[in-house]
Amino acid sequence: MFLKEILKFFSVGLSKEDLIEISDNIRKENYKSLIVVALLSMLFSFVMTIVSYAAHDSFRITMLHATLTICSCVLLLFVILYKDPKHHLIMTETHLFCFLLVTYAIILSTVLNSNRSAVTFIAIILALPLFFTDHPKRVALFIGLSSIFFLVFATLFDSQEVLLDDIVNGIIFSLISIIVSSYMSKVKFQNIYLKRKYQYLSETDVLTGLQNRNHYEYILEHNQNYHPSYCIYMDVNGLHELNNNEGHMAGDIMLKYIAQIFCRTFGEHSCFRVGGDEFVAFSFDEDKDQLIQAIAYLQHEANLKGYHVSIGYSAMHNNISLEKLVKEAESMMYEEKRKYYEENNRRKMR
């Protein structure tokens, strides 16, 4: 029972699928933290290099500070120039940098200051894990291994006057760091998951899985860098009759099927459900012939299930606004819808 409680403490309470879903967010958080910590580390070690040199400290101490300054600067430049907060190496870079800082702290606290208490290592082991987001088990493992290395170095290099204090403080503060950092990591994981879940629900249509009207309107109003070549406006014909004759479940099945092929045709990041039976997509491909083929494919796939869609499209010209682009596509869609109901003589256009 006690072992189960310990294992539960070091879990994040999320499924494997949930962890995969938020992995990009985790990397993005660590990317920002890595920039901040590397910058602080570079500035701190640079100042310490100057102070150490001015105070005529041991050459080895000055070189240790200078080495950390150079390493932090190189890492900072690499991370900034790469400009991709979601790249898969970010966690490796984070672990290597944390290892660098811990190594710096251990050498400074034991090898180069064997007659003084290991204040630097204690500060690093308490503060460093709190800056980053990683699985509690890996956090605990990192702190535990760092503490073992520290205890080995303390035993080898510390003077007898401070050895016992360093061993006791190293063990106690490492345990405190494991508990606090693991708990904080769990909280961070859950907060990131809940934030992503809330964002998903606020931007996604629950029935079809497409982006919803809220996100669509946000793009129209706020995204000045959204420059599609075409707008495609689609209406699913016959939803009202299908709901009345066969029930709303049949209507939902039709909408989900149409949404699936709409998404497959124009891409999940470009498709929106903007009304009960209305969908909008933006295409960034300038090839009009390919757009016509895509629309024909969409209509053909709908017809295979006995469904029918009316589709209009408009092309970007003279730098018109997104609202104007959508309005032109909508007008063409209503004309196609009118023709459909005239030909089928089922009812007047709503």
Side-chain angles (χ1 to χ4, degrees), residues 2-12 30 33-34 37-38 40-42 44-45 48-49 51-52 57-72 75 91-188:
F2 181 69
L3 180 60
K4 287 184 178 179
E5 291 298 319
I6 293 178
L7 293 175
K8 183 179 179 181
F9 178 79
F10 288 108
S11 68
V12 294
N30 284 319
S33 297
L34 189 57
V37 176
L40 292 175
S41 174
M42 182 184 68
F44 169 78
S45 56
M48 290 304 298
T49 301
V51 171
S52 178
D57 283 341
S58 166
F59 176 75
R60 293 190 301 169
I61 294 179
T62 305
M63 285 303 300
L64 180 65
H65 294 315
T67 301
L68 180 60
T69 303
I70 295 171
C71 292
S72 299
L75 177 68
M91 294 306 298
T92 302
E93 294 165 4
T94 300
H95 294 150
L96 288 175
F97 185 62
C98 289
F99 174 76
L100 172 67
L101 290 179
V102 168
T103 302
Y104 163 83
I106 291 176
I107 294 175
L108 185 63
S109 299
T110 58
V111 179
L112 302 180
N113 288 285
S114 57
N115 295 319
R116 299 178 184 177
S117 296
V119 177
T120 305
F121 173 76
I122 299 302
I124 289 290
I125 207 65
L126 285 174
L128 184 61
L130 299 177
F131 281 95
F132 299 102
T133 305
D134 202 357
H135 197 287
K137 292 179 181 178
R138 284 193 290 270
V139 172
L141 180 62
F142 171 78
I143 297 172
L145 291 176
S146 300
S147 302
I148 292 173
F149 283 121
F150 168 73
L151 294 176
V152 171
F153 272 72
T155 303
L156 293 174
F157 296 101
D158 270 2
S159 64
Q160 293 299 318
E161 291 80 7
V162 298
L163 176 59
L164 182 59
D165 286 343
D166 277 357
I167 291 176
V168 172
N169 289 336
I171 294 174
I172 291 176
F173 285 105
S174 294
L175 289 174
I176 292 174
S177 180
I178 287 174
I179 295 172
V180 174
S181 300
S182 298
Y183 176 76
M184 292 303 298
S185 292
K186 178 189 295 189
V187 171
K188 289 179 184 178

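For S72, the side-chain hydrogen bond (donor to acceptor under 3.5 Å, both in side chains) partners two or more places apart in sequence, or in a different chain, are S41.
With rounding to the nearest 0.5 Å, the separation of CZ in R60 from OG in S52 is 12.0 Å. Atoms CG and CG, from L100 and L96 in turn, are 9.0 Å apart once rounded to the nearest 0.5 Å. Remark: T62 OG1 to L112 CG distance equals 10.0 Å, nearest 0.5 Å. Expressed to the nearest 0.5 Å, how far OH of Y183 lies from CD1 of I179 amounts to 13.0 Å.
Counted within 6.0 Å of CZ on R138, heavy atoms from surrounding residues, nucleotides or ligands total more than 12; the atom is thus considered enclosed. In the displayed structure, F131 atom CZ is contacted under 6.0 Å by at most 12 heavy atoms of other residues, nucleotides or ligands. Counting non-hydrogen atoms of neighbouring residues, nucleotides and ligands closer than 6.0 angstrom, the CZ atom of F9 exceeds 12 such neighbours.
For the pair G144 and I178, the tightest heavy-atom approach, listed with the atom from each and the gap, is N-CD1, 4.3 Å. In terms of heavy-atom proximity, K186 sits nearest to K8 at NZ-O, 3.4 Å. Closest approach of V139 and S185 over heavy atoms only: CG2-OG, 3.5 Å. Nearest heavy atom pair, residue I125 against residue S146, reads CD1-CB, 3.8 Å. Here the shortest heavy-atom pairing between L128 and V37 reads CD1-CG1, 4.3 Å.
With hydrogens and angles ignored, the 3.5 Å screen pairs a side-chain donor or acceptor of T49 with a backbone N or O of A66. Proximity of a side-chain donor or acceptor of N30 to a complementary backbone N or O of T133 within less than 3.5 Å is detected. N113 places a side-chain N or O within 3.5 Å of a backbone atom of L108 that can act as its donor or acceptor partner. Checked by atom type and distance alone, the side chain of S45 pairs as donor or acceptor with a backbone atom of M42 at under 3.5 Å. With hydrogens and angles ignored, the 3.5 Å screen pairs no side-chain donor or acceptor of S114 with any backbone N or O of D158. D166 places a side-chain N or O within 3.5 Å of a backbone atom of A118 that can act as its donor or acceptor partner. In terms of modelled atom types and a separation under 3.5 Å, the side chain of S117 and the main chain of V119 share no donor-acceptor contact.
Centroid-to-centroid, the aromatic rings of H135 and F10 stay 6.0 Å apart or farther.
Between S11 and P136 the shortest side-chain heavy-atom distance does not fall below 4.5 Å. Counting only heavy atoms from C-beta outward, the side chains of L75 and L34 approach each other to under 4.5 Å. Counting heavy atoms from C-beta on, the side chains of L68 and L101 come closer than 4.5 Å. You'll find the side chain of S181 reaches within 4.5 Å of the side chain of I143, heavy atoms only. Using a 4.5 Å heavy-atom threshold, the side chains of L64 and M48 count as separate. The shortest distance between side-chain heavy atoms of V162 and N115 does not fall below 4.5 Å.
With 3.5 Å as the limit, one finds no donor-acceptor pair spanning the side chains of H65 and D57.
Screening residues 136-160 for ring-ring contact (aromatic ring centres under 6.0 Å, His included), with sequence neighbours left out, gives F121-F150, F153-F157.
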Could you pull out all donor-acceptor pairs under 3.5 Å where a side-chain atom in residues 169-176 meets a protein atom, sequence neighbours excluded?
unit_1 : atom_1 : unit_2 : atom_2 : d
N169   : ND2    : D165   : O      : 3.2
S174   : OG     : S147   : OG     : 2.4
S174   : OG     : G170   : O      : 2.5

Verify side chain to side chain contact (heavy atoms under 4.5 Å, CB included) between H95 and D134, making sure each step is shown before the conclusion. CA-CA 10 Å; H95 294 150; D134 202 357; 2.8 Å; yes

